[in-house]
2 protein chains.
Amino acid sequence: MKNKSNIRDVAAAAGVSVATVDRVLNKRPGVRAQTVAKVEAVLKQLSYRPDVYAARLSKNHSLRLVFVVPRGHNSFMDLLVEALHETAENLAYERCFIDIRFVDAFDGQAVAATLNSLTPEDGDGVAVVAPDAPLVAEAINGCIARGLRLVTLVSDLPSSSRQHFVGIDNVAAGRVAGRLLGRFCAGQCGSVALIAGSMTLRDHVERHLGCKQVLQAGFPNLKVLPVEEGQDLAEPTASAARELLNKHPDLIGIYNIGAGNRGLVKALREYPGRQIITIAHELTAISRQALVDGTFDAIICQDPAHEVRSAVRLLRSLCEGGEIVRSQERIRIEIFLHDNLP
Amino acid sequence: MKNKSNIRDVAAAAGVSVATVDRVLNKRPGVRAQTVAKVEAVLKQLSYRPDVYAARLSKNHSLRLVFVVPRGHNSFMDLLVEALHETAENLAYERCFIDIRFVDAFDGQAVAATLNSLTPEDGDGVAVVAPDAPLVAEAINGCIARGLRLVTLVSDLPSSSRQHFVGIDNVAAGRVAGRLLGRFCAGQCGSVALIAGSMTLRDHVERHLGCKQVLQAGFPNLKVLPVEEGQDLAEPTASAARELLNKHPDLIGIYNIGAGNRGLVKALREYPGRQIITIAHELTAISRQALVDGTFDAIICQDPAHEVRSAVRLLRSLCEGGEIVRSQERIRIEIFLHDNLP
DNA sequence: CTAAAAATGATGTACGTTGATCATATATAG
DNA sequence: CTATATATGATCAACGTACATCATTTTTAG
């Protein structure tokens with residue numbers, strides 16, 4: 001815990017000039033391998049690391065990040081954008097500027113087009129919320145080929161060469177939903193229904209998978225109905241829920257994999273006699289209210305503000321070569337019950 | 001999102017010298033109120049904020065923080081100390097040095113003595129894990145009177161003048177435990193037992209309170225037995241569990257409020273015929289294994305690494321006058337099931 | 001052994017703020 | 001109207017790194 005050593009100390013200890021240490025540190029050419037080794041030994045011995053503040057000041061380089069996010073898609077995305085604005089405001093005083101590019105809806109074509117238009121002129125790093133389509137993966141690879149650093153946000157494209165994924169493990173989230181659904185239905189027999197936004201969305205497929213796994217393996221008393229699709233919209237989700245309630249008098253549980261909570265709540269309220277264990281995703285005004293009044297039994301969340309901060313930290317590290325503290329970047333699967341709402 | 005303005009821009013815009021702007025910024029005396037107002041108007045208009053990096057570099061001031069934590073208390077504290085070491089290592093390169101002061105066990109006297117010995121010579125800020133005793137609260141107030149910034153960690157002393165509490169809402173945590181216990185026992189009747197470490201510890205009292213509230217209000221099928229005390233140690237906790245299992249054939253649930261999970265697991269394994277829904281706190285090697293093999297049904301956690309980082313950020317803001325991003329400092333009540341272990 | 005090439009040293013400027021000092025301008029008291 | 005406060009301007013040296021330039025030394029090729 002002693003005082004930090006600076007570049008001068010290193011030079012003195014290695015018996016070379018400051019200029020040479022600088023050359024080694026910044027991998028500039030013109031230093032004999034032997035000298036490099038000597039300097040690096042001293043660097044390690046003194047556990048030298050450049051002073052972050054001096055370095056940033058000296059480089060006087062602003063980090064420019066581009067966030068590509070769907071506009072007006074759903075309440076969760078609204079929260080994400082809100083967090084983005086808030087973070088951007090704070091970051092402006094740390095030499096980091098965020099440019100938000102909205103793409104209309106969750107449209108692979110549009111996202112790909114936007115990504116393809118990005119060059120190092122536009123920014124140093126990119127975070128993108130995109131569906132897992134080949135077109136998009138290709139566009140991501142293009143960005144990286146052009147020298148941009150890129151992370152996927154909320155929804156992953158593991159087939160692309162994105163440098164990180166910032167978001168939750170959706171299979172695990174699905175398993176949690178299945179477990180809660182199963183246990184909350186303890187002692188009962190009946191059907192449970194899963195409503196996805198669309199089974200073309202990777203995160204929905206993964207949640208569905210996880211949930212079904214757990215239910216089938218651990219809860220033989222429950223019959224898992226074929227998955228419905230609510231297009232992440234209120235009305236289609238409401239229709240799907242109504243149909244399920246009508247068609248299956250033994251329905252005792254619903255897991256809403258995607259968005260459209262507004263519709264689900266509306267439909268459930270039309271059947272006050274039915275006691276349906278309901279689990280949904282993301283904490284918004286609607287879902288929060290539903291949890292408070294007992295319409296929902298649990299909400300599974302990811303914290304959009306944390307995701308934004310994590311994406312920024314990761315991109316900064318990728319661009320400026322800093323350390324990554326893994327544990328800090330783990331996006332938690334948060335579980336909210338009636339009792340621990342923030 | 002334009003380029004940052006610097007102190008020179010402000011001076012030019014306000015029609016004063018850089019020195020005067022500096023006087024205003026750092027609240028130095030010798031500036032007419034009228035001039036102050038003029039400069040401040042420009043500051044706001046240009047939304048100027050001093051460059052963090054230049055400021056830190058110039059001040060060339062290292063932040064020294066003291067963490068007062070119990071040694072060898074339990075696995076959770078071990079995790080906390082581990083996180084502390086890791087964080088300290090990273091922070092050393094950001095001009096922040098952490099000094100860990102161990103106090104023997106969870107002893108108010110010892111903590112108070114350590115706190116009383118701290119002066120601005122020892123550090124700029126203090127984070128302390130301490131029981132909620134008047135002696136400790138007094139020592140905390142003393143630290144603050146001496147000009148130190150102080151936050152409580154994990155366990156709060158709201159009666160003291162500590163500047164922040166870094167930890168979870170323990171009443172809410174207890175409510176979550178109660179809710180899960182209640183719902184996981186759905187369809188059954190019987191007794192549930194709560195085992196605290198000691199009902200003199202504030203966090204244990206709060207968890208007990210929250211849990212009992214929820215169980216009594218929402219689950220009339222369950223009878224809440226009088227709270228037992230396991231002293232946060234394996235053996236006493238095991239004894240308490242054994243006695244409960246022997247004395248109450250209708251026991252169907254246990255909530256271990258404090259530590260001593262090792263003992264609880266041991267006792268439960270001695271009664272393989274009994275199906276006891278069990279909820280405990282903190283993710284350690286023992287509790288993790290118990291969750292995996294089904295001995296435990298849920299674990300409620302706080303992330304010690306997050307708590308350490310949060311404490312550091314808060315103390316840094318308090319000492320250096322930075323911004324506090326509230327949402328980033330919210331310590332989550334994490335819930336782990338068999339399905340979402342990290 | 002010499003010439004060219006490569007490695008290293010010495011030195012300086014820039015980054016934006018802090019926190020001084022000293023000089024000068026303006027306001028206020030007597 | 002002077003004498004004295006008070007305000008303000010001008011200037012400078014840190015802080016530690018990055019990066020550039022030019023001089024000098026050492027190494028290598030021929």
Side-chain angles (χ1 to χ4, degrees), chain A residues 2-40 42-43 46-63 92-97 319-322, chain B residues 2-43 46-63 91-97 319-322:
Chain A
K2 31 178 40 181
N3 257 337
K4 289 189 47 176
S5 46
N6 63 23
I7 201 172
R8 259 181 290 270
D9 301 331
V10 175
V16 300
S17 73
V18 173
T20 299
V21 177
D22 176 66
R23 288 181 184 113
V24 173
L25 279 174
N26 297 289
K27 302 193 199 302
R28 279 186 252 279
V31 188
R32 261 187 308 174
Q34 184 191 333
T35 313
V36 171
K38 186 170 61 178
V39 172
E40 279 177 343
V42 174
L43 287 175
L46 298 186
S47 70
Y48 169 88
R49 276 212 242 161
D51 184 282
V52 193
Y53 303 108
R56 290 247 177 86
L57 178 59
S58 172
K59 281 211 262 255
N60 196 25
H61 166 259
S62 292
L63 187 66
Y93 303 101
E94 294 189 26
R95 286 207 166 91
C96 176
F97 300 94
C319 294
E320 299 179 347
Chain B
K2 31 175 43 179
N3 256 337
K4 289 190 48 176
S5 45
N6 64 22
I7 203 172
R8 261 181 289 272
D9 301 332
V10 175
V16 299
S17 73
V18 173
T20 299
V21 176
D22 176 68
R23 288 181 184 112
V24 173
L25 279 173
N26 298 288
K27 301 193 200 303
R28 278 188 255 278
V31 188
R32 259 188 310 176
Q34 184 189 333
T35 313
V36 172
K38 186 169 62 181
V39 172
E40 279 178 343
V42 174
L43 287 175
L46 297 186
S47 68
Y48 169 87
R49 276 214 240 163
D51 185 281
V52 193
Y53 304 108
R56 290 246 176 86
L57 178 59
S58 171
K59 282 210 261 257
N60 195 26
H61 167 259
S62 292
L63 189 66
L91 283 173
Y93 302 101
E94 294 188 27
R95 287 208 164 91
C96 176
F97 300 95
C319 294
E320 299 178 348

Supply the atom-to-atom distance [X] [atom1] to [Y] [atom2], rounded to the nearest 0.5 angstrom.
X     : Y      : atom1 : atom2 : value
B:N6  : B:R49  : CG    : CZ    : 16.0 Å
B:D51 : B:S58  : CG    : OG    : 11.0 Å
A:L43 : A:L25  : CG    : CG    : 5.5 Å
A:S47 : B:Y93  : OG    : OH    : 4.0 Å
A:R56 : A:E320 : CZ    : CD    : 4.5 Å

Looking at [options], which one has an atom nearest to any side-chain atom of [X]?
X     : options                : result
B:T35 : D:dA7, D:dA18, C:dT18  : D:dA7
B:A19 : D:dG9, C:dT18, C:dC15  : D:dG9
A:D22 : C:dG19, D:dC19, D:dT17 : D:dC19
B:R32 : D:dG9, C:dG16, D:dT8   : D:dT8
A:R95 : D:dG16, C:dC15, D:dG9  : C:dC15
A:L25 : D:dG16, D:dA18, C:dG9  : D:dA18
A:A54 : C:dG9, D:dG16, D:dG9   : D:dG16

Atom [atom1] of [X] to atom [atom2] of [N]: distance rounded to whole Å?
X     : N      : atom1 : atom2 : result
B:K4  : C:dG16 : NZ    : P     : 9 Å
A:Q34 : D:dT26 : CD    : P     : 14 Å
B:K59 : C:dG19 : NZ    : C1'   : 11 Å
B:D51 : C:dG16 : CG    : P     : 7 Å
A:N60 : C:dC15 : CG    : P     : 7 Å
B:N26 : C:dT17 : CG    : C1'   : 8 Å
B:N6  : C:dA14 : CG    : C1'   : 13 Å
B:R23 : D:dT6  : CZ    : P     : 15 Å

Check whether any side-chain N or O of [X] sits under 4.0 Å from OP1 or OP2 of [N], and answer yes or no.
X     : N      : value
B:Y53 : C:dT18 : no
A:R28 : D:dC19 : yes
B:S17 : D:dG9  : yes
B:T20 : D:dT8  : no

Basic-acidic side-chain contact under 4.0 Å: A:D9, A:K4: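 Looking at A:D9 and A:K4, the cut-off is not met.
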
Base, sugar-phosphate alone, or nothing: which one does A:I7 contact when heavy atoms must sit under 4.0 Å apart?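 Sugar-phosphate, backbone atoms only, no base.
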
Starting at the 5' end of DNA chain D, which residue's closest nucleotide do you reach first, B:V18 or A:R8?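 With B:V18 and A:R8 compared, the 5'-side residue is B:V18.
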
